[in-house]
*Asks:* 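Just passing along the structure, written as structure tokens.
Naming: A, B, ... by sequence-line order, numbering from 1 per chain.
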There are 2 protein chains.
Amino acid sequence: MSMPHRSRAERRRATEARILASARRLFAEKGYERTTIRAVASAAGVDPALVMQYFGAKRDLFTRAVQAVPELPTASDADALTDQLLTTLGLKLGGLPEGVLAMMRSMLTDPAAADQVRDALTRQIEAVTAAMPAAEDPELRAALLVSALLGITIGHQLLGLPPLRGAEADRIVGIIRPAVKSLTASAD
Amino acid sequence: MSMPHRSRAERRRATEARILASARRLFAEKGYERTTIRAVASAAGVDPALVMQYFGAKRDLFTRAVQAVPELPTASDADALTDQLLTTLGLKLGGLPEGVLAMMRSMLTDPAAADQVRDALTRQIEAVTAAMPAAEDPELRAALLVSALLGITIGHQLLGLPPLRGAEADRIVGIIRPAVKSLTASAD
DNA sequence: GTCTATAGACCGATAGAC
DNA sequence: GTCTATCGGTCTATAGAC
């Protein structure tokens, strides 16, 4: 027997993971189009042809790099929903997974990313809608709420707007809590 | 004398305007990177080399195509500011100028567009801040407000989120009015 | 003044040597 | 299995014919 503590399969998985991490980082920084296979390979310390060998095509690499299951809100009333959304936002503001950032970065210029984000946001809107059945026009309220939170995330994580850049998540959450509450409130 | 009702200079300006219109539309649809000089020329019915002749470089064409002076809010108290922002949003939801859409479409993947949008939003945030001096943490409140409205505009105009896509501006404005009001409200 | 032709650079993907 | 070499394609930009 030879001495490699790591089998071939293990080394392959490790290399694959390193490539995926580099891809995630570059896709999140530059978006789909401006990220090249060559740059990903260089960042991962491997040969460009190896990336193609492992993932087949650039599109497949992107798909693998950004796959993440977004958790949906499960609250059943408006107050619990507010807390849940704000908690999620707070976590988001503390640093979103790079795969999600990569998807968001590309959503305005890459049709495939746009479709996937649209689907994810639609599911999120449906979940929020279900959590405030007593409100008037719940679908529209939910869509506006989700879009607004998306905008805040974009301003903070992708655009780096000065006042948001240095703000702690707690302060942000504290300020928007009443606004979110007014959107989820019933119309009684 | 010859009969051309349009002088050479006039025809040149007309051609330039047609190229700019095509560029604006394509930049708004596909973003900076995926829009080619060839496609712009083809849409405008001119030769690609002519586009270069007129505008020098693709970057200059983009700059010329997206230049727009964003109007800043001039309200001096929170209530007037709310009305002003909602009116602006309503107009935006009715259809933003293509130059603005082009800039927004590219802001996440093109560094130059990102800088310009960041600057414009920063100015807007400063104007909003000035309009609610009585509020606590006015800069942060203003930044959150502007980002949230940006998100709604993105969801509606660039992503086409289903529930927003068919909604009239009036209904949207009616729903978010209390939320905006709660953000601009003083902390007394 | 306008268009043809092409230079020059970069990319994704592939074939084949090792 | 991994890398070298390269193909075929696209693009911006330029030079020169007309």
Side-chain angles (χ1 to χ4, degrees), chain A residues 2 4-20 22-27 29-66 102 105-106 109-113, chain B residues 2-20 22-24 26-27 29-66 102 105-106 109-113:
Chain A
S2 54
H5 292 168
R6 310 172 137 223
S7 68
R8 256 186 301 269
E10 274 173 338
R11 283 194 293 109
R12 157 143 189 162
R13 280 191 306 126
T15 301
E16 208 178 271
R18 218 171 60 244
I19 294 173
L20 273 179
S22 299
R24 237 175 255 124
R25 185 166 56 81
L26 286 171
F27 281 134
E29 273 177 19
K30 313 208 165 219
Y32 180 80
E33 189 113 14
R34 295 171 74 104
T35 296
T36 65
I37 297 283
R38 287 165 160 85
V40 170
S42 170
V46 300
D47 190 274
L50 196 66
V51 177
M52 300 299 296
Q53 181 75 14
Y54 279 10
F55 295 94
K58 183 184 179 182
R59 177 62 59 183
D60 298 327
L61 174 62
F62 182 74
T63 303
R64 291 279 307 274
V66 303
R105 175 74 71 189
S106 304
T109 41
D110 184 75
Chain B
S2 56
M3 55 151 295
H5 290 169
R6 310 174 137 216
S7 68
R8 259 185 300 270
E10 275 173 337
R11 283 193 294 110
R12 156 140 189 161
R13 280 191 305 126
T15 301
E16 208 177 272
R18 219 172 57 246
I19 294 173
L20 274 179
S22 297
R24 239 175 254 123
L26 286 171
F27 280 136
E29 274 178 17
K30 312 206 165 225
Y32 180 81
E33 189 112 15
R34 294 171 74 102
T35 297
T36 65
I37 297 283
R38 287 164 160 84
V40 170
S42 171
V46 300
D47 191 275
L50 196 66
V51 177
M52 299 300 295
Q53 182 73 14
Y54 280 10
F55 296 94
K58 182 184 180 182
R59 178 61 60 184
D60 298 328
L61 174 63
F62 182 75
T63 303
R64 290 280 307 276
V66 303
R105 175 74 70 190
S106 304
T109 40
D110 184 77

*Asks:* If you look at every strand shown and take non-hydrogen atoms under 4.0 Å, does A:Arg38 touch a base, only sugar-phosphate, or nothing?
*Replies:*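 Base contact - A:Arg38 has a heavy atom under 4.0 Å of at least one base atom.
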*Asks:* Distance check, rounded to the nearest 0.5 Å: B:Arg13 atom CZ versus B:Arg8 atom CZ?
*Replies:*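 If we round to the nearest 0.5 Å, B:Arg13:CZ and B:Arg8:CZ are 14.5 Å apart.
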*Asks:* Would you call A:Met52 and A:Ile37 a side-chain contact if the rule is heavy atoms closer than 4.5 Å?
*Replies:*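 The answer is yes, as the side chains (C-beta and beyond) meet within the 4.5 Å cut-off.
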*Asks:* Going 5' to 3' along DNA chain C, between which two nucleotides do contacts with chain B fall, using a heavy-atom cut-off of 4.0 Å?
*Replies:*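 So the contact region on DNA chain C extends C:dG1 to C:dT4.
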*Asks:* Tell me the salt bridge (charged side-chain N to carboxylate O under 4.0 Å, His left out) pairs involving residues 53-62 of chain A, sequence neighbours left out?
*Replies:*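 Passing the test, one end in residues 53-62 of chain A: A:Arg59-A:Asp110.
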*Asks:* Can you list everything that forms a side chain to side chain contact (heavy atoms under 4.5 Å, CB included) with B:Arg12? Sequence neighbours excluded, please.
*Replies:*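 Checked B:Arg12 against side chain to side chain contact (heavy atoms under 4.5 Å, CB included); matches are B:Glu16, B:Tyr54.
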*Asks:* Between CZ of A:Arg34 and OH of B:Tyr32, what distance do you get to the nearest 0.5 Å?
*Replies:*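 Those atoms lie 8.5 Å apart.
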*Asks:* Rounded to the nearest 0.5 Å, how far apart are CZ of A:Arg64 and CG of A:Leu20?
*Replies:*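 Rounded to the nearest 0.5 Å, the CZ-CG separation comes out at 5.5 Å.
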*Asks:* Taking side chain to side chain contact (heavy atoms under 4.5 Å, CB included) as the definition, give me every residue that meets it alongside B:Ala102, ordered by chain and number, with sequence neighbours left out.
*Replies:*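 With neighbours one apart ignored, the set is B:Phe27, B:Ala28, B:Val66.
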*Asks:* Please list, chain by chain and in numerical order, all residues satisfying side chain to side chain donor-acceptor pair (under 3.5 Å) with A:Gln53, sequence neighbours excluded.
*Replies:*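 Testing A:Gln53 for side chain to side chain donor-acceptor pair (under 3.5 Å), a comparison that skips the adjacent residues, returns none.
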*Asks:* When you measure from every atom of DNA chain D, which of residues 29-37 of chain B have a heavy atom less than 4.0 Å away?
*Replies:*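 Per residue number, the list reads B:Thr35, B:Thr36, B:Ile37.
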*Asks:* Only counting residues at least two apart or in another chain, list the ones meeting side chain to side chain contact (heavy atoms under 4.5 Å, CB included) with B:Ala44.
*Replies:*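 B:Ala44 satisfies side chain to side chain contact (heavy atoms under 4.5 Å, CB included) with B:Ile19, B:Ser22, B:Val46 once adjacent residues are dropped.
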*Asks:* Sequence neighbours excluded, which residues qualify as side chain to side chain contact (heavy atoms under 4.5 Å, CB included) partners of B:Glu29?
*Replies:*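 In terms of side chain to side chain contact (heavy atoms under 4.5 Å, CB included), with neighbours along the sequence ignored, B:Glu29 is linked to B:Arg25, B:Leu26.
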*Asks:* For DNA chain C, which residues of residues 48-66 of chain B approach it to below 4.0 angstrom with any heavy atom?
*Replies:*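 Close to the strand are B:Ala49, B:Leu50, B:Tyr54.
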